[in-house]
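A, B, ... follow the sequence lines: proteins, then strands. Residue 1 opens every chain. Since we're looking at a predicted model, the values are computed, not measured.
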Amino acid sequence: MASYLRLNGSYFDKRLDREIRYNVTGIPAAVGVMFAAGIISGILGIGAGVVKVLAHEVAMKVPTKVSTATSNFMIGVTAAAGAGFYLRRGLVLPFVVVPVAIFVLIGAFVGTVVMERMSNSIIRKIFALLLAIVGMQMLIRGILGGL
Amino acid sequence: VTSPISPSRRPTVSSVSAWVLRGGVVSSSLVMLVGIMFTFAHGTMSIQRMKSDGFDYRPGIIIEGIRHGQGKRIIEAGIYLLVFTPILRVFASSVLFAFQDRDRLYAVITFVVLLLTLAGLLWIG
């Protein structure tokens with residue numbers, strides 16, 4: 001299936017200074033996780049990137065850099081599909097969007113440059129740490145009933 | 001963003017996608033910045049407004065507001081630009097897959113993604 005879809009590929013790793021080849025597996029499982037990712041993203045508005053990266057890495061066995069880059073690339077599209085719903089209901093606050101969008105964009109540009117130079121294992125550790133922090137925060141908020 | 005080993009100088013799906021995304025994101029930020037400056041210039045910026053003033057999606061109202069130099073409407077136009085950027089990117093990819101690469105499989109996949117995204121943005125909910 002991966003070869004029919006031509007998903008096996010390669011990328012140039014700046015840190016290792018060489019081309020890395022990879023093969024993709026577990027597509028049916030990944031499709032299931034992605035479907036769940038879409039629903040979670042719609043409900044929580046967290047962007048399903050977190051779940052997508054998990055699907056890429058655990059089910060499809062894609063290298064971390066390819067995984068984060070792909071997820072980043074897709075998020076705009078999936079987010080746009082959900083955004084219409086929020087925009088039509090007036091749930092978006094334009095004056096809050098401006099600082100958020102601009103600083104996130106600057107951060108994203110910096111992040112991608114830094115990411116290219118980091119090792120896959122460091123990226124995975126940072127990702128795990130952030131996942132833990134976000135998870136804890138949601139857990140605490142859920143239990144204490146904040147909002 | 002593009003592969004360092006590029007076999008030709010023809011536009012590739014990755015290079016055009018990168019170009020569309022960067023262009024869209026940068027121009028949308030600039031439009032939003034102009035909107036914020038107009039709001040401050042009119043002295044109508046306040047924390048209260050930040051917390052409660054919602055997005056009005058109706059294009060007619062936005063265009064009318066921009067004519068009158070209303071900062072909020074300019075920001076809303078910038079938000080539209082930001083939301084449509086990834087959609088434009090998918091559209092560009094599907095055109096390139098179909099007419100330049102003649103890659104039927106990926107042309108169909110990207111076209112389906114385009115339709116689903118537009119459906120989500122314009123109709124669903």
Give the member of [options] that has the highest number of heavy-atom pairs under 4.5 Å with chain B.
options	result
Ala69(A), Gly90(A), Ala80(A)	Ala80(A)
Gly76(A), Pro94(A), Pro99(A), Ser10(A)	Pro94(A)
Leu93(A), Val92(A), Thr112(A)	Leu93(A)

For this session: Return the minimal non-hydrogen interatomic distance between Val77(A) and Pro86(B), and the atom names on each side.
Result: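 Answer, listing the atom of Val77(A) first, then Pro86(B): N-CB, 3.7 Å.
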Exercise. At their closest point, which heavy atom of Met50(B) faces which heavy atom of Phe95(A), and how far apart are they?
Worked result: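 Distance-wise, the nearest heavy atoms are CE-O, 3.4 Å.
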If I measure from the heavy atoms of chain A, does [X] come under 4.5 Å with its side chain, its backbone, both, or neither?
X	value
Arg58(B)	neither
Val90(B)	side chain
Asp53(B)	both
Ser52(B)	backbone
Leu118(B)	neither
Ser28(B)	neither
Leu21(B)	side chain

Decide whether [X] and [Y] are clustered together by the hydrophobic rule: side chain heavy atoms of Ile, Leu, Val, Met, Phe, Trp, Tyr closer than 4.5 Å, transitively.
X	Y	value
Val113(A)	Val66(A)	no
Phe73(A)	Val53(A)	no
Val31(B)	Ile63(B)	no
Ile36(B)	Val104(A)	yes
Val98(A)	Phe84(B)	yes

Problem set entry | CZ on Arg6(A) to CG on Asp103(B), rounded to 0.5 Å |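 The distance works out to 4.0 Å.
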Problem set entry | Residue part contacting chain B, namely of Leu91(A), when any heavy atom lies under 4.5 Å |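 Interface part for Leu91(A): neither.
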Exercise. What part of Ile102(A) lies closer than 4.5 angstrom to a heavy atom of chain B: side chain, backbone, both or neither?
Worked result: side chain
Can you tell me if [atom1] on [X] sees more than 12 non-hydrogen neighbours from other groups inside 6.0 Å?
X	atom1	answer
Tyr11(A)	OH	yes
Tyr22(A)	OH	yes
Ile47(B)	CD1	no

Contact between [X] and [Y] at the side-chain level, heavy atoms closer than 4.5 Å - yes or no?
X	Y	result
Tyr80(B)	Leu87(A)	no
Leu105(A)	Val26(B)	no
Arg22(B)	Phe109(A)	yes

For this session: Establish, for the pair Arg88(A) and Phe55(B), whether the NZ or CZ atom is under 6.0 angstrom from the six-membered ring centre and no further than 45 degrees off its axis.
Result: no
Exercise. Given Val96(A) and Lys51(B), is the side-chain contact (heavy atoms from CB on, under 4.5 Å) satisfied, shown in steps?
Worked result: CA-CA 8 Å; Val96(A) 177; Lys51(B) 282 184 187 164; over 6 Å; no
Exercise. Looking at Arg89(B), Met32(B), Lys72(B), which has the largest count of heavy-atom pairs under 4.5 Å with chain A?
Worked result: Arg89(B)
For this session: Report the option among Arg49(B), Met45(B), Glu76(B) that has the most heavy-atom pairs separated by less than 4.5 Å from atoms of chain A.
Result: Arg49(B)
Exercise. Going through the checks in order, is the side-chain contact (heavy atoms from CB on, under 4.5 Å) test met by Tyr106(B) and Leu5(A)?
Worked result: CA-CA 8 Å; Tyr106(B) 271 85; Leu5(A) 291 169; 4.1 Å; yes
